[in-house]
Every structure is written in C-alpha cells, then in structure tokens.
Amino acid sequence: MTDHGFDLLDRQLVQALMIDGRAAFSRLAAALETTDQTVIRRYRRLRGAGLLRVLGLPVGDRVGMHESRLRIQCVPGSAVAIAEALSRRPDTGWVKILAGGAEVGCMVSSRSSEEHEALLLQKLPGTRQVTGVSAQSLLHRYTAGPGHWLGPAELGEEQIQALVPPEANREGTVRLDDFDDAMLAVLARDGRAGYPELAKATGRSESTVRRRLEYLRGAGALTFEVEILPVHLGYLTEAALALTVAPGALAEVGRALADHPQVPFVAAVTGATNLAATVLCTDRHALYTYMTEGIGALPSVHQLEVVPVLRHVKRAGLLSDGSRLFDPPR
C-alpha cells in the first residue's frame, strides 16, 4: 500500500474508471489483467469507505446550460459558511476555499439564464458576508470527454485503448426532458447505477433506459466523473490558475495545458483573464517547477495568477432541478 492507502491495483482501477466510468467489471478486469471478483471487491471497498465515487453528469454546453466560474470575496471568518451554503445548491460544483481563507471559488451550471442571473445579481450580492463577486462564463473546455485526465500514469497504452469509449458526436444541442432528468438524478448519486434502478426511477423499460443513456453518451451530453481526493493519487498541492494569453494563441495554449499531466481542467473564459485552469502537484516545490518550466515554456502567456486551494467543500456537482433555495448565513 502507498502512504495514502491506495496500492497499484487501486490506482489502476481509478484510472480505468476515469476512462470509462460505466465500463463493465468484466471489461475493467480484462484491461487490468485480473479477475472480475477482484475488481468488484476493490471497487466496493473504495466506494464503501467513501474514497471513490463515479457520478454521471450532464455536459453543460451540450445541453444548453449556463456555466460560470465564480470567485467570491468574503468577510474574514465567513468563507466556510458561504462555501457550505453554496455546496447545498444543486447547481454548484467544485466549491472550494481559496487563498488566505477569505475567498470562495465554485462552478455554477444553471438550467436557464433567469436562474443564473438570480444567483449572480440577487442572492450572492444580497448576502452581507459577501464583499465582492467575479464571474467568468465558460466559452470552451479544452479538457473534455472521458479520460481527459488520468492522474499518475499507471496503465499502459494498450490498457488505455482497450477502455476508451467511442468518440462522441458533438453536433447540435441535446434537449433534456423529464425522463432524462429522472435518470440523471440517479446517475448524479451513482454513475454506475444499474439499468433496473434507472428503469424504476424513470418508469420506463430497461431497454428504453439503456438506449437513452447510450444516446446521451454518444452525443457528448453525459459524462462520468470520478470523485477522489487528489491526496490518494499522491497530489498534496492544488491551485487555481488565471492566465492572460494573446487571443491568437488562446486555443494553442489551452490545448497545450490540457496535455500537461498536472492539469485536470482548463477552459477559455470571459473576463480580464481569458484562460482558467486547475493544477495538481505533488507538493509546493513541484508547483513552482510547473509554473517556471511548464507554463514558463509557453511564450504566449503574458500574465499568470496562482491561487492556492485551501479546502474543498464540494467536488463534482450533483445537478438536479434547481428548486433548492440559496439560504446563506446573515
């Protein structure tokens, strides 16, 4: 076992699920060159201990959602309460406390512009502990699709290729209906929920549920996130990056960052800085090395802000109908 409690097979299983979160246990076992029962035991142990979850989530830009990356400045001492209130909203994800403990960052994905505007223009500004809010709309994700970030390299290329699902067809926008919402509500809690459970939740047949799920995946409207604390993969330092890049080089730099093993998320955004990213490193020295050598090797990056993440309050969002009200402390 490693210092963080995950041995090699655990880490390989995590990486395999990052490639295809709904791969059958038999397929995972074949790729990992072990038995079905071994994979089942490992998965159930990690999930039962709360160390790993697979979540099925809609892809915002494919289903017409309004996505923003927020940075919320708070009165000193109030960041934890604000972050916890935000984490209870079904339209938030990746809620974290930043910098010196007086700033909260999060992602917001709203079903309508009205819901989005209500949070940004009314609810957050009306909270006395909030002293400022900056919002950047997501324009384009450079890290997208299954297996875009796999953590430490634990699988060989042949193992990876054996698990990669077919490439999605991302033409047009997918409209979700009540049937989809009922299915997604289950997948948001357990991305590996079986077809009988999904059929029961939706009132449809298992074959209908299977076809719809496969359609949403094939259209790039449904993705599967693996929730795991980075420390279990050996990453002790996390930071949010805000970069200013020459407009003509934005796509090139975004793609370059997406290829860096330290970067699980990078997107073009609106605002004073035009590229946002998350970086994971083994320690602060590795973060310094990445800043000077990884980003430093990209001449089109004109400005860089590095904001350490102190604590995660919520990771991948559990999106639902948005009916829960925001009730921050006053």
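Computed over heavy atoms, backbone and side chain alike; hydrogens, waters and symmetry mates excluded. Note that the structure is predicted; figures quoted are calculated from it, not measured.
Note that CD of E225 and CG of L187 are 13.0 Å apart. Values are rounded to the nearest 0.5 Å. Once rounded to the nearest 0.5 Å, the distance linking OG of S134 with CD of E103 reads 7.0 Å. Atom CG of L233 sits about 5.5 Å away from atom CE of M18, to the nearest 0.5 Å.
By the criterion of side-chain heavy atoms lying less than 4.5 angstrom apart, applied directly or through intervening Ile, Leu, Val, Met, Phe, Trp or Tyr residues, L17 is grouped together with V164 in one hydrophobic cluster. Residues L241 and L139 are members of separate hydrophobic clusters, defined by side-chain heavy-atom contacts under 4.5 angstrom among Ile, Leu, Val, Met, Phe, Trp and Tyr. No continuous path of ILVMFWY side-chain contacts below 4.5 Å connects V108 to V307, so the two sit in separate hydrophobic clusters.
V209 has its side chain within reach of T202: a pair of non-hydrogen atoms, C-beta onward, lies under 4.5 Å apart. The shortest side-chain heavy-atom distance between L222 and Y215 does not fall under the 4.5 Å cut-off. Between L98 and P308, the closest side-chain pair of non-hydrogen atoms is not below 4.5 Å. The shortest distance between side-chain heavy atoms of R141 and F265 falls below 4.5 Å. Between L229 and H312, every side-chain heavy-atom pair lies at or beyond the 4.5 Å cut-off. Looking at heavy atoms from C-beta onward, L280 lies out of side-chain contact with T237 at the 4.5 angstrom threshold. For the pair I295/L243, a side-chain contact is recorded, criterion being any heavy-atom separation below 4.5 Å from C-beta on. Inter-residue side-chain proximity for V269 and L275 is flagged as unmet; no heavy-atom pair is nearer than 4.5 Å.
Residues D180 and R212 are paired through a salt bridge, judged by an N-O separation under 4.0 Å between the basic side chain and the carboxylate. In this structure, E84 does not pair ionically with K314, as no charged nitrogen and carboxylate oxygen lie closer than 4.0 Å. The pair R315-E227 does not count as a salt bridge, with every side-chain nitrogen at least 4.0 angstrom from each carboxylate oxygen. Taking the charged nitrogens against the carboxylate oxygens, D190 and R53 have no contact shorter than 4.0 Å, which rules out a salt bridge. Using a cutoff of 4.0 Å between basic side-chain nitrogens and carboxylate oxygens, E214 and R22 are not scored as salt-bridged. Taking the charged nitrogens against the carboxylate oxygens, R41 and D36 have no contact shorter than 4.0 Å, which rules out a salt bridge. Using a 4.0 Å cut-off between charged side-chain N and carboxylate O, E305 and R71 make a salt bridge.
The heavy-atom pair separating A201 from A182 by the smallest distance is O-CB, 3.9 Å. Across A83 and V95, no two heavy atoms sit closer than the pair O-CG1, 3.5 Å. Taking every heavy atom of both residues into account, Y142 and R255 meet most closely at CD2-N, 3.9 Å. What you find for S300 and A249 is that their closest heavy atoms are OG-CB, 3.3 Å. Nearest heavy atom pair, residue V186 against residue E197, reads CG1-OE2, 3.6 Å. In terms of heavy-atom proximity, L198 sits nearest to A193 at CD1-O, 4.0 Å.
Relative to the six-membered ring of Y195, R210 meets both conditions, a distance below 6.0 Å and an angle of at most 45° to the axis. The cationic atom of R192 (NZ for Lys, CZ for Arg) does not lie both less than 6.0 Å from the six-membered ring centre of F224 and within 45° of the ring axis.
Counting only distance, with no hydrogens or angles, the side chain of R217 and the backbone of T223 share no donor-acceptor pair below 3.5 Å. R42 places no side-chain N or O within 3.5 Å of a backbone atom of L9 that could act as its donor or acceptor partner. Between the D10 side chain and the D7 main chain, a donor and an acceptor come within less than 3.5 Å of each other. For the pair T127 (side chain) and V130 (backbone), a donor-acceptor distance under 3.5 Å is absent. A donor-acceptor pair under 3.5 Å is absent between the side-chain atoms of E67 and the main chain of L138, judged by distance alone. Between the side chain of Q129 and the backbone N or O of S78, no donor-acceptor pair lies under 3.5 Å. Side chain of R62 to backbone of P58: no donor-acceptor contact under 3.5 angstrom is found. Using a distance-only test at 3.5 Å, with no hydrogens or angles considered, a donor-acceptor pair links the side chain of Q15 to the main chain of L155. In this structure, the side chain of T289 engages the main chain of H285 through a donor-acceptor pair within 3.5 Å. Side chain of T208 to main chain of R204: no donor-acceptor pair is present (N/O by atom type, distance under 3.5 Å, no hydrogens or angles).
Open room surrounds CD on E252; 12 or fewer heavy atoms of other groups in view lie less than 6.0 Å from it.
Between Y290 and H260, the ring-plane angle classifies as perpendicular under the 30° and 60° cut-offs.
Counted by atom type alone, Q136 and T273 present one or more donor-acceptor pairs between their side chains at under 3.5 Å.
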